[in-house]
Amino acid sequence: MKTIYMDYSATTPMKPEVIEVMTDAFKHHYGNASSIHHIGQEAKVLLQQAREQVAQLIGAEAREIFFTAGGTESDNWAIQIALETKPGKHIITTNVEHHAVLHPLEALEKKGYRVTYLPVDEYGMVTPEQVEEAIEEDTILISVMYINNEIGSINPVEQIAEVAAKHGILFHTDGVQALGNTPIDMSTNKISMMSMSSHKIYGPKGVGALYIRKGVRTVPLIHGGAQERKVRAGTENIPGILGFAKAAELAGASLDQHIEKLSRLRDKLRDGIMNNISDAKYNGHPVLRHPGNVNICFKYIEGESLLLLLDMKGICASSGSACTSGSLDPSHVLMNIGLTHEIAHGSLRLTLGDFTTEQDVDTVIEEIKPIVERLREMSPLTE
Amino acid sequence: MKTIYMDYSATTPMKPEVIEVMTDAFKHHYGNASSIHHIGQEAKVLLQQAREQVAQLIGAEAREIFFTAGGTESDNWAIQIALETKPGKHIITTNVEHHAVLHPLEALEKKGYRVTYLPVDEYGMVTPEQVEEAIEEDTILISVMYINNEIGSINPVEQIAEVAAKHGILFHTDGVQALGNTPIDMSTNKISMMSMSSHKIYGPKGVGALYIRKGVRTVPLIHGGAQERKVRAGTENIPGILGFAKAAELAGASLDQHIEKLSRLRDKLRDGIMNNISDAKYNGHPVLRHPGNVNICFKYIEGESLLLLLDMKGICASSGSACTSGSLDPSHVLMNIGLTHEIAHGSLRLTLGDFTTEQDVDTVIEEIKPIVERLREMSPLTE
Amino acid sequence: MYNQKVMDHFMNPRNVGEIENADGMGEVGNLRCGDIMRIYLKIDPTSDVINEIKFKTFGCGSAVASSSIATEMIKGKTVEEALQITNKDVLRELGGLPTIKIHCSVLAEQAVKAAVYDYATKHGKHYAALENYSPEDDDHDHDHGEED
Amino acid sequence: MYNQKVMDHFMNPRNVGEIENADGMGEVGNLRCGDIMRIYLKIDPTSDVINEIKFKTFGCGSAVASSSIATEMIKGKTVEEALQITNKDVLRELGGLPTIKIHCSVLAEQAVKAAVYDYATKHGKHYAALENYSPEDDDHDHDHGEED
Ligand SMILES: Cc1ncc(COP(=O)(O)O)c(C=O)c1O
Ligand SMILES: Cc1ncc(COP(=O)(O)O)c(C=O)c1O
């Protein structure tokens with residue numbers, strides 16, 4: 001059975017060009033970039049090129065890119081930077097952030113910090129005005145995600161960055177889902193820090209970066225050797241970084257087509273499902289949206305069952321149901337956009353990417369209806 | 001010109017079997033192990049197998065292995081665990097630890113913690129008695145490296161672990177250089193935590209692990225998703241972890257031969273150099289030593305110059321000279337085993353590994369003498 | 001995630017449906033947690049044998065599988081026998097469930113009890129195993145635990 | 001790490017060696033920091049032209065290269081001309097050094113000054129450029145800075 005992968009927001013398959021760069025690096029560029037000999041120095045040169053490639057994708061300077069082990073580490077680090085370089089005990093964020101932002105902040109609350117979790121609107125978005133109103137005397141950081149990973153809505157981060165800059169407060173955005181899926185230009189905005197992750201843009205796992213605007217004071221989260229200009233210790237993962245850079249280069253070269261193609265397939269998928277199946281709710285913003293994200297709640301059924309039956313047809317998807325989130329409640333994102341438990345449990349996230357075909361979309365539209373019907377027949381909620 | 005790589009302690013080339021496992025994973029196992037669909041579930045199964053493979057190399061249980069992004073993160077994390085789970089303000093370590101241990105501890109000193117840096121003997125080693133004497137009322141952690149990365153001496157960590165256990169104090173060891181280079185059996189010792197790094201055992205960079213003995217309370221350093229039993233967030237780097245596991249498997253299968261072969265080549269290299277060149281000092285313990293480590297100081301010359309000239313002959317090595325450490329002083333390890341600046345600046349570390357040949361050793365013995373002589377002729381210190 | 005037996009019962013659930021004019025009907029679980037299980041029974045009044053059983057479940061794979069296997073285990077048994085079946089039996093029969101899904105087997109046990117209780121109440125029957133039973137306690141203990 | 005010109009001067013250093021009965025000899029740097037540079041001069045007493053220059057250096061690649069290029073720059077120049085040469089000139093001539101190695105070029109400038117001072121002292125000469133010079137200040141400013 002053919003696999004139809006529609007879980008690109010969870011992680012992407014790697015592009016063949018990326019795999020090629022990495023296997024080449026595995027064989028030929030194994031050096032430690034801190035070493036003086038030629039094997040080390042070659043690695044160092046490649047590292048710098050990679051930094052430039054990643055910088056280019058977001059209109060940044062190479063020295064504003066600091067490589068990490070992924071989006072989660074970048075999020076944690078950005079918070080740590082605010083903590084250690086700014087006096088103050090208050091942080092502003094939203095109630096639909098990724099756990100990589102929420103959980104470190106919750107840990108801080110236990111240590112005496114105050115965190116304002118801004119409520120979002122029905123699309124999962126906040127406004128610059130909301131952010132401004134929440135600012136207090138001792139606010140040290142505003143962190144608002146760029147694109148929501150579950151429902152795909154795009155926040156007005158550039159305007160929020162303006163607000164933060166006006167008040168002299170650091171502004172961090174979790175850009176993990178935004179990178180390669182929307183144009184980002186650091187040379188024209190005021191974002192202080194942005195988290196990125198390679199495995200969401202067809203690069204390898206275990207690599208990411210934190211953009212830190214020049215002038216922003218930096219401290220390490222991971223202490224040790226003098227790598228990454230002394231603020232992120234650990235032998236540089238050169239093959240991984242080169243893979244990330246290649247993925248960034250490819251993403252930059254085809255960003256417009258990527259967005260155009262995915263948006264079209266996304267809307268086709270949405271329409272195909274919404275026109276065919278009743279008692280369904282489309283989540284997230286209709287327009288200001290991740291180009292590959294479709295998120296729909298089907299009444300009367302539970303998400304995990306839906307995923308399992310889809311999987312039997314080779315279709316890979318995800319859900320914010322309690323059962324898949326491994327917790328008591330459905331995902332905090334679905335709850336915080338105001339869904340009831342009843343609806344939220346039946347959520348389905350289909351995320352498209354560069355290997356998604358028209359045929360894939362047609363197949364999913366076709367397969368999903370009988371599956372939903374079958375589960376509804378089994379459900380005590382359908383009357 | 002042929003490259004003769006003798007910098008295995010900085011990082012190792014990857015074994016072909018490891019590259020194969022990883023490229024296969026890149027193509028076929030790109031799933032997010034948290035996903036419910038088959039692509040994710042396959043990844044999860046492989047992750048568990050990998051955990052078992054790494055556990056096996058050190059006689060641990062799979063659930064005692066927590067994957068990280070490398071040795072540095074593991075070191076930082078182990079310290080964080082002690083910090084957050086134990087009341088007390090005192091930590092014991094040695095003055096020859098890797099920066100991945102020393103720098104986080106220095107950061108803690110600024111926050112009011114007291115750190116005892118035990119002085120080492122001429123070989124860079126501490127005794128269990130020394131450790132025991134340093135224990136205070138509120139000692140929360142003892143961290144002593146297993147094998148020193150510069151001079152290769154092996155500390156009596158099992159006995160130190162006994163001392164720690166007797167006093168009910170957590171014992172962490174930086175095992176980055178020990179893994180795959182000396183037999184380790186967690187089932188017969190009392191080490192609480194041990195840091196490991198994949199790229200030192202012919203695996204990929206950007207992957208490592210922290211061994212945490214069952215029963216030791218754990219908290220995250222990197223907060224976020226529920227990966228690694230909720231204590232190390234971030235999408236699992238499955239291909240990297242599989243590569244690490246493969247490397248661990250290979251290391252385990254040939255540990256005895258590896259140690260035997262390297263020790264022989266190491267001693268041959270040492271003798272070849274020491275018998276040929278006067279005014280040289282062999283650093284580190286003569287017997288209790290990393291099987292591939294040769295560390296020699298040549299009087300009257302400076303390490304970086306030596307490395308550059310060796311590199312011109314294709315020989316990759318490292319040095320603890322000030323110039324290569326990027327700081328004012330020669331490496332803290334060389335200074336703390338009691339060397340004078342004069343001698344310490346002329347240090348050379350040659351580290352051998354599985355791809356080192358007899359021929360390589362012969363070549364290095366032959367090439368190094370004229371280079372040392374040439375630099376000595378140029379030196380104002382040679383009279 | 002799930003073993004073959006669980007998947008089989010999820011993919012091909014036995015006894016799905018409703019029984020019109022059922023002798024007993026029980027529903028447990030709640031929407032908040034995302035599992036609701038309803039069981040219908042037809043019981044021979046003289047022999048007390050469960051002749052027919054059907055279920056409807058809203059929930060995850062293991063909730064469906066637990067319902068399915070529980071109905072299979074109970075079918076043809078007397079009510080007293082059926083009441084002896086615990087979530088442990090359901091688990092054993094399924095060949096195990098992931099830790100965070102154990103509560104689904106509890107739900108199945110409770111759904112059976114609730115349906116029998118309904119039958120007993122309506123038909124004036126008394127069962128020792130229902131002595132301390134109260135439908136309000138139904139809400140299964142919902143600790144999803146830690147993932148393995 | 002180093003550009004081709006630096007590597008060339010490191011690999012093939014010009015004017016390595018000693019001058020017996022040198023007219024001036026200067027040594028700067030210290031062992032602690034790992035760089036010591038010694039320069040020997042032969043100077044024509046009437047024209048004040050530096051006829052011969054040799055150096056011996058203990059230090060890293062850039063220390064050797066700085067010594068080598070400095071001796072090349074100075075050879076054949078008058079003492080006054082030689083004293084005008086600063087570490088910036090040495091750096092420019094080398095085509096640059098990594099930030100943490102800049103101090104090596106400073107060392108070269110100071111070694112020349114020290115050697116000329118020695119000559120001046122021994123031969124009773126006075127040079128405007130040495131007016132404020134004192135050999136004790138020799139110790140070059142040793143901030144290795146941050147790596148790029
Ligand atoms: C919005 C968002 N932030 C952070 C992360 C974490 O990134 P990583 O898995 O690279 O640690 C993810 C994905 O998992 C994400 O979607
Ligand atoms: C003893 C020791 N500890 C820690 C590390 C850091 O490991 P990594 O480079 O994987 O972060 C190294 C190597 O760099 C090491 O040799």
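By convention in this document, chain letters (A, B, ...) are assigned in the order of the sequence lines, proteins followed by strands, and residues within each chain are numbered from 1. Just so you know, these numbers use all the heavy atoms, side chains as well, and skip hydrogens, waters and symmetry mates.
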Engineer: Flag the one option from Ile19(A), Leu102(A), Ile79(A) with the top tally of heavy-atom pairs under 4.5 Å to chain B.
Structural biologist: Ile19(A)

Engineer: Counting only heavy atoms closer than 4.5 Å, note whether Ser197(B) contacts chain A via side chain, backbone, both or neither.
Structural biologist: neither

Engineer: Between Ala69(A), Gly70(A), Ala10(A), which residue shows the highest count of heavy-atom pairs closer than 4.5 Å to chain B?
Structural biologist: Ala10(A)

Engineer: Measure distances from Ala233(B) to the heavy atoms of chain A and classify the residue's part below 4.5 Å as side chain, backbone, both or neither.
Structural biologist: both

Engineer: Where on Lys111(B) is there a heavy atom nearer than 4.5 Å to chain A: the side chain, the backbone, both, or neither?
Structural biologist: side chain

Engineer: What part of Ile222(B) gets closer than 4.5 Å to chain A, counting heavy atoms only: side chain, backbone, both or neither?
Structural biologist: both

Engineer: Under the criterion side-chain contact (heavy atoms from CB on, under 4.5 Å), I'd like the reasoning laid out for Ile36(A) against Leu308(B): C-alpha separation, chi angles, the key distance, then a yes or no.
Structural biologist: CA-CA 7 Å; Ile36(A) 277 184; Leu308(B) 290 172; 3.9 Å; yes

Engineer: Can you tell me if NZ on Lys110(B) sees more than 12 non-hydrogen neighbours from other groups inside 6.0 Å?
Structural biologist: no

Engineer: Just how far is it from atom CE of Met312(A) to atom NE2 of His37(B), taken to the nearest 0.5 Å?
Structural biologist: 13.0 Å

Engineer: Heavy-atom distances under 4.5 Å only: say whether Glu236(B) touches chain A with side chain, backbone, both or neither.
Structural biologist: backbone

Engineer: For Lys15(A), is it the side chain, the backbone, both, or neither that has a heavy atom closer than 4.5 Å to a heavy atom of chain B?
Structural biologist: neither

Engineer: Quick check on the interface: out of Leu310(B), Asn237(B), Thr12(B), Leu105(B), who has the most heavy-atom pairs with chain A under 4.5 Å?
Structural biologist: Asn237(B)

Engineer: Is the CD atom of Glu20(B) crowded by more than 12 outside heavy atoms at less than 6.0 Å?
Structural biologist: no

Engineer: Return the CD1 to NZ distance between Ile241(B) and Lys205(A), rounded to the nearest 0.5 Å.
Structural biologist: 10.5 Å

Engineer: Look at Ala317(A), Gly208(A), Pro239(A) and state which one has the largest set of heavy-atom pairs under 4.5 Å with chain B.
Structural biologist: Ala317(A)

Engineer: Does any part of the side chain of Thr3(B), heavy atoms only, come nearer than 4.5 Å to the side chain of Ile39(A), both counted from C-beta?
Structural biologist: yes

Engineer: Using non-hydrogen atoms and a 4.5 Å limit, figure out which bit of His38(B) sits close to chain A: side chain, backbone, both or neither.
Structural biologist: both

Engineer: Report yes or no: does His99(B) contribute a side-chain atom to a donor-acceptor pair with the main-chain N or O of Gly225(A) at less than 3.5 Å?
Structural biologist: no

Engineer: Could you tell me which of Val207(B), Asp75(B), Asp7(B) has the largest number of non-hydrogen atom pairs under 4.5 Å with chain A?
Structural biologist: Asp7(B)

Engineer: For Asn32(B), is it the side chain, the backbone, both or neither that has a heavy atom under 4.5 Å from a heavy atom of chain A?
Structural biologist: both

Engineer: Heavy-atom pairs under 4.5 Å with chain B are the metric here; pick the option from Gly206(A), Pro220(A), Pro13(A) that has the most.
Structural biologist: Pro13(A)

Engineer: In Å and rounded to the nearest 0.5 Å, what is the OG1 to NE2 distance from Thr72(A) to His223(B)?
Structural biologist: 11.5 Å

Engineer: What part of Asn76(A) lies closer than 4.5 angstrom to a heavy atom of chain B: side chain, backbone, both or neither?
Structural biologist: side chain

Engineer: NZ of Lys230(B) to NE2 of His103(A): how many Å apart, nearest 0.5 Å?
Structural biologist: 9.0 Å

Engineer: Tell me, out of Leu221(B), Thr23(B), Thr235(B), Thr68(B), who's got the most heavy-atom pairs with chain A below 4.5 Å.
Structural biologist: Thr235(B)

Engineer: Using the ring of each side chain (for Trp, its six-membered ring), is Tyr30(B) parallel, tilted or perpendicular to Tyr5(A), with breaks at 30° and 60°?
Structural biologist: perpendicular

Engineer: Of all of Gly243(B), Gly234(B), Pro104(B), Ala100(B), which one pairs up most often with chain A through heavy atoms under 4.5 Å apart?
Structural biologist: Pro104(B)

